[in-house]
Amino acid sequence: MTNWLEVDAYAKEWIKEAGERIKNSFSKKLLIETKSNKNDLVTEIDKATEEFFIQNINKQYPSHRILGEEGLSSSIEDLKGVVWIIDPIDGTMNFIHMQRDFAISIGIYEDGVGKIGLIYDVVADELYHVVQGEGAYMNAMPLAPLKETAVEEAIIGLNSTWVTENKRIDPKILAPLARDARGTRSFGSACLELAYIASGRMDAYITLRLSPWDYAAGKIMVEELGGKVTSLRNEKLDLLTQNSFFAGKPGVHKEIMEKYLHNGEW
C-alpha cells in the first residue's frame with residue numbers, strides 16, 4: 001500500500017527546494033533553446049529542475065515512474081502503478097521574459113487515478129495542493145468547493161489564438177463566448193490557470209492544445225472541488241497524449257458545452 005501522506009510530504013519538500021533553486025537562477029544568464037517552434041522554449045533550468053525531481057523520486061521511490069515535459073526520464077506507454085507527471089517550469093516564456101507567472105506542476109497518479117496534485121507559483125510563494133478526498137489548499141488555506149457560475153458572470157482563460165485564424169478550430173465557435181463572458185484572460189501558464197479556477201480567481205479555462213504535464217496536477221485539484229475537466233468534445237482526457245482541454249466550474253462548463261461547443265458536435 002502506498003503511504004500517500006508520506007509521498008505528499010516528500011513532494012512538498014522537493015517542490016519548495018526546486019523553487020528556491022529556480023529563484024537563485026534569476027541573476028544568471030540563461031541558455032535558451034527552441035523545441036518544436038520559435039515560441040516553444042526550454043532552458044537549462046527547466047532541464048535541471050526535472051532532473052532534480054527524477055533523482056529524488058528514483059532514490060526514495062524506485063518503483064515509481066515519471067513522465068516529464070523535458071523527456072529526461074524513461075518513456076512510458078501506460079499509467080500502471082504510481083506515475084509522477086511533472087512540468088518543471090510551466091510558463092517557460094514567462095520565466096524567461098518576466099521572471100514571474102510560471103509554476104512547477106506535479107500530478108501523481110496510481111493506475112490512472114489522480115492522488116496528489118501540487119502547483120507551486122514560485123515567485124508568489126503560493127503552493128496549491130491536493131490529496132484526493134482530503135480537499136484542496138493554497139498554502140494552509142482550505143479552498144472552498146466550486147459554485148455554479150453563468151457565462152455572463154465568468155472570467156474565462158482563453159488565448160486570443162483560438163478566436164483568430166488558426167489551424168485547430170474555426171474562430172467563430174469561441175468568439176461568441178469571448179463576447180458573452182464577463183472577461184477573458186491568458187496568463188501563459190496552464191497549471192496556474194487551473195490553480196486560479198480552484199481558488200476562485202477564474203471560472204473556466206479552454207485551449208485546443210495541452211500536454212498531460214500541463215494539467216495533471218490541476219485536473220486533480222479542480223475535480224476535487226467539484227469542477228469538471230474534459231476535452232472540448234466533452235471526452236475523457238488521455239493522460240499520455242496531447243488533448244484539447246476544457247476545465248470549469250460545474251455550471252459554466254455545462255453552459256459552454258451546450259451553448260457554444262454544442263456538446264462537441266462542431
Side-chain angles (χ1 to χ4, degrees), residues 12 14-53 68-72 85-107 117-129 138-139 141 155-164 166 178 181-218 221-222 242 245 247:
K12 286 174 179 170
W14 297 335
I15 207 169
K16 283 296 190 82
E17 184 175 344
E20 285 302 312
R21 289 166 173 250
I22 291 171
K23 283 190 283 189
N24 290 338
S25 76
F26 283 171
S27 61
K28 301 174 183 178
K29 183 176 175 63
L30 293 173
L31 175 63
I32 303 168
E33 302 173 21
T34 59
K35 295 191 285 186
S36 62
N37 61 65
K38 67 182 179 64
N39 294 324
D40 188 8
L41 305 176
V42 63
T43 72
E44 76 273 25
I45 307 302
D46 296 75
K47 294 178 180 179
T49 302
E50 185 166 309
E51 185 60 38
F52 168 79
F53 285 115
E69 178 177 14
E70 306 313 329
L72 302 180
I85 305 177
I86 299 172
D87 195 335
I89 298 180
D90 183 44
T92 298
M93 190 180 295
N94 291 348
F95 168 64
I96 292 168
H97 285 269
M98 303 162 56
Q99 293 188 339
R100 65 188 65 244
D101 292 336
F102 65 89
I104 305 169
S105 176
I106 300 174
L118 302 103
I119 298 170
Y120 184 37
D121 184 333
V122 173
V123 175
D125 193 26
E126 292 180 342
L127 176 60
Y128 302 84
H129 54 101
M138 193 276 283
N139 292 337
M141 181 182 72
I155 301 295
I156 296 172
L158 181 65
N159 192 291
S160 61
T161 300
W162 312 124
V163 293
T164 55
N166 68 87
R182 176 165 284 171
T184 59
R185 300 288 185 270
S186 181
F187 291 96
S189 170
C191 73
L192 279 182
E193 305 215 32
L194 292 172
Y196 294 162
I197 293 173
S199 58
R201 295 173 179 176
M202 287 173 50
D203 301 290
Y205 172 58
I206 290 174
T207 185
L208 270 290
R209 185 181 67 247
L210 208 61
S211 297
W213 41 81
D214 297 313
Y215 65 79
M221 210 167 290
V222 170
Q242 256 191 7
F245 185 88

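- Atom CG of Asn166 is separated from atom CG of Asn159 by 10.0 Å, given to the nearest 0.5 angstrom.
- Atom CD1 in Ile206 sits 12.5 Å away from atom OG in Ser186 (nearest 0.5 Å).
- For Arg201, the CZ atom is densely surrounded, since the number of other residues' heavy atoms within 6.0 Å is greater than 12.
- Interatomic distance, CD1 of Ile156 versus OG1 of Thr184, reported as 8.0 Å (0.5 Å rounding).
- With respect to the salt-bridge test (charged N to carboxylate O, under 4.0 angstrom), the residues Lys16 and Glu20 do not qualify.
- Every residue meeting the side-chain contact (heavy atoms from CB on, under 4.5 Å) condition with Asp101, not counting sequence neighbours, appears here in chain and number order: Asn94, Met98.
- For Asp87, there are no side chain to side chain donor-acceptor pair (under 3.5 Å) partners, not counting sequence neighbours.
- Tyr196 has its side chain out of reach of Arg185: every pair of non-hydrogen atoms, C-beta onward, lies at least 4.5 Å apart.
- The side chain to side chain donor-acceptor pair (under 3.5 Å) search around Trp213 returns none, not counting sequence neighbours.
- In this structure the side chain of Tyr215 never reaches within 4.5 angstrom of the side chain of Thr207, judged on heavy atoms.
- Within the 4.5 Å cutoff, side-chain heavy atoms of Ile104 are placed close to those of Phe53.
- Judged as a side chain to side chain donor-acceptor pair (under 3.5 Å), and not counting sequence neighbours, the contacts of Tyr120 are Asp125.
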Apply side-chain contact (heavy atoms from CB on, under 4.5 Å) to residues Arg209 and Trp162 and explain how you reach the verdict. CA-CA 10 Å; Arg209 185 181 67 247; Trp162 312 124; 3.8 Å; yes
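- Ring geometry for Tyr205 against Phe245 counts as tilted: the plane angle lies between 30° and 60°, on a 0 to 90° scale.
- Note that the CG atom of Leu118 and the SG atom of Cys191 stand 11.0 Å from one another [nearest 0.5 Å].
- Between Ile197 and Ala247, the shortest heavy-atom distance links the atoms CD1-O, 3.7 Å.
- Taking every heavy atom of both residues into account, Ile119 and Ser105 meet most closely at CG1-OG, 4.3 Å.
- Considering CG of Asp90 and CG of Leu210, their distance stands at 8.0 Å, rounded to 0.5 Å.
- In this structure, CD1 in Ile22 is found 4.0 Å from CD1 in Ile89, a value given to the nearest 0.5 Å.
- Partners of Ala198 under the side-chain contact (heavy atoms from CB on, under 4.5 Å) rule, at least two apart in sequence or in another chain, are Leu143, Met221, Leu225.
- Aromatic ring orientation, Phe26 versus Phe102: perpendicular (interplanar angle above 60°, classes split at 30° and 60°).
- Applying the side chain to side chain donor-acceptor pair (under 3.5 Å) rule to Ser199 yields no partners; only residues at least two apart in sequence or on another chain are considered.
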